[in-house]
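In this text, all values refer to a predicted model and were calculated from it rather than measured experimentally. Numbered from 1 within each chain, the chains take letters A, B, ... in sequence-line order.
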Number of protein chains: 2
Amino acid sequence: MQTISREDYLKAILKIEEESGTVSNQALVEKLSTRPASVTNMLHTLADAGWVEHLAYKGVHLTQTGKAIALSTLRKHRLWEVFLVEKLNFNWDEVHQWAEDLEHVGDEELTNRLDAFLDHPAFDPHGDPIPTAQGQWSDGRNLLPASQADVGDRIQLKGVVNSGEAFLQHLNRLGIKLGLTLEVLQALEFDGSKTLKWPDGTEASLSKQTLQNMLIERVEIKSNKR
Amino acid sequence: MQTISREDYLKAILKIEEESGTVSNQALVEKLSTRPASVTNMLHTLADAGWVEHLAYKGVHLTQTGKAIALSTLRKHRLWEVFLVEKLNFNWDEVHQWAEDLEHVGDEELTNRLDAFLDHPAFDPHGDPIPTAQGQWSDGRNLLPASQADVGDRIQLKGVVNSGEAFLQHLNRLGIKLGLTLEVLQALEFDGSKTLKWPDGTEASLSKQTLQNMLIERVEIKSNKR
DNA sequence: GACATTTTTTAGTCTTGGCTAAAAATAGAC
DNA sequence: GTCTATTTTTAGCCAAGACTAAAAAATGTC
């Protein structure tokens, strides 16, 4: 049985809290692919540890301590992902599971040394911001989903909404990776798809679904648009 | 409760098998600081997995599979130790416990990439040989304990018998690390201690105990001795 | 070769996190 | 506001690896 650590629960609660404000057991069941009873159980454990406040039937939220632990774990996870991609040459779709294990190894000291060794990266291989040792993680950037880009824009991929293996591999097959700049040639109103042009001149059409999961920055906005 | 993994048991069995041929439960109890009942329990588990052959009251030994897993785990452990020392700048006395955790992360692929990243090191930070991906670990060297060095020898530290934290820190305080070359100035018959000379000219006397735990190579043998 | 000592095993529990099934509480529909 | 559907909790159990205490086997001594 693959067990889910207390820290994994904290990370999940943190993410759900950010996405949707309120954290239901159901949401945790889905995010962690587990069972309702397991969630209730773990929430008791976390509450006993003082890491969350839990009101039965009313949801859960992180305490200061809980949030600090969640951010620290996220920091470790993302730093290890950088290590795996930058140093061991894994692809961005291959690193999540190993990082899930690595994040439970080492203390703050080890993490800070890893951070220094990696030259204090600000973002992980999926473009997600890496919290600092002080638990700050303001993502200064203002990214938008590629689905909101206009015809004529030149856009650069800076992150993904969904960093599941399947989606990342889909991007791999399309030759899309972080930092790639694309030009929006055409937008189809009826299905939300867009035709994009690669730096090498090839063109392809991406579905609305795919575009919504790509977080981009506009690098150049077509001049005749405001 | 700090739990000992199946792989940790295999590593311990491997080491005891090499040191003393036959592996008693008692030896495992000591090596792993656990209880007799826990050992018996685990040996059943390992036997069921086909990793050891266990005859009640008669001792245990590794199967082919068990030995391969033990060597693979040892390889991971030692490679991670190299990483922690070479890349994250930890001291040799600080890395064992983290490596104990890291060795359980990743598969053969990850290990091989780590190996390549580290430039295929042959020895870990304590001078212990690192098994290859094929499970070979012939230590070509013929090291001897410093207690056997003669007056006039110039000796180079290549390994340690005991890589416990306390002993390594003792060596740290003496300014002794792997690769250091020392000259044997004097040997006291009655307590086995020796006076050694550092490259910087300072001298100090080491106890028999300490010398026995230092594995050295003679780099120059005093000419007037055979 | 009998007796005492040491080693190993058995029996029975604990802990953490997981599960299913059923009960209880909440929320949604009319 | 009652009734149904959904969500959450409770109750009871599983599995791994650990532990203690007691029984059984092996070893060593004379």
### Task
Give a yes/no on whether any side-chain N or O of B:Tyr9 is located under 4.0 angstrom from OP1 or OP2 of D:dA16.
no

Let me know the distance between [atom1] of [X] and [atom2] of [N], rounded to the nearest Å.
X	N	atom1	atom2	answer
B:Asp48	D:dA16	CG	C1'	13 Å
B:Ile16	C:dT7	CD1	P	14 Å
A:His104	C:dT16	NE2	P	17 Å

### Message
Parallel, tilted or perpendicular: which one describes the rings of B:His96 and B:His77, with boundaries at 30° and 60°?
### Response
tilted

### Task
Assign the ring pair A:Phe83 / A:Trp80 to parallel, tilted or perpendicular, where the plane angle (0 to 90°) is split at 30° and 60°.
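Because their plane-to-plane angle is over 60°, the rings of A:Phe83 and A:Trp80 count as perpendicular.
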
### Message
Assess, by modelled atom type and distance only, whether the side chains of A:Ser5 and A:Asp8 contain a donor and an acceptor separated by less than 3.5 Å.
### Response
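Yes, because at least one side-chain N or O of A:Ser5 sits under 3.5 Å from a partner of the opposite role on A:Asp8.
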
### Task
Strictly below 4.0 Å, heavy-atom distances to any atom of DNA chain D: list the hits from residues 20-45 of chain A, or just say none.
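Residues of residues 20-45 of chain A under 4.0 Å from DNA chain D: A:Ser24, A:Asn25, A:Gln26, A:Pro36, A:Ala37, A:Thr40, A:His44.
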
Does a sphere of radius 6.0 Å around [atom1] in [X] hold more than 12 heavy atoms from other residues, nucleotides or ligands, not counting ones at 6.0 Å or beyond?
X	atom1	result
B:Glu109	CD	yes
A:Gln64	CD	no
A:Lys87	NZ	yes
A:Arg35	CZ	no

Taking only N/O atoms, report every protein-nucleotides 25-29 of chain D pair under 3.5 Å with atom names and distance.
residue : atom : partner : partner atom : Å
D:dA25  : O4'  : B:Tyr57 : OH           : 3.3

### Message
Please determine whether a side-chain nitrogen of the Lys or Arg among A:Glu7 and A:Lys11 lies less than 4.0 Å from a carboxylate oxygen of the Asp or Glu.
### Response
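Salt bridge flag = no for A:Lys11 with A:Glu7.
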
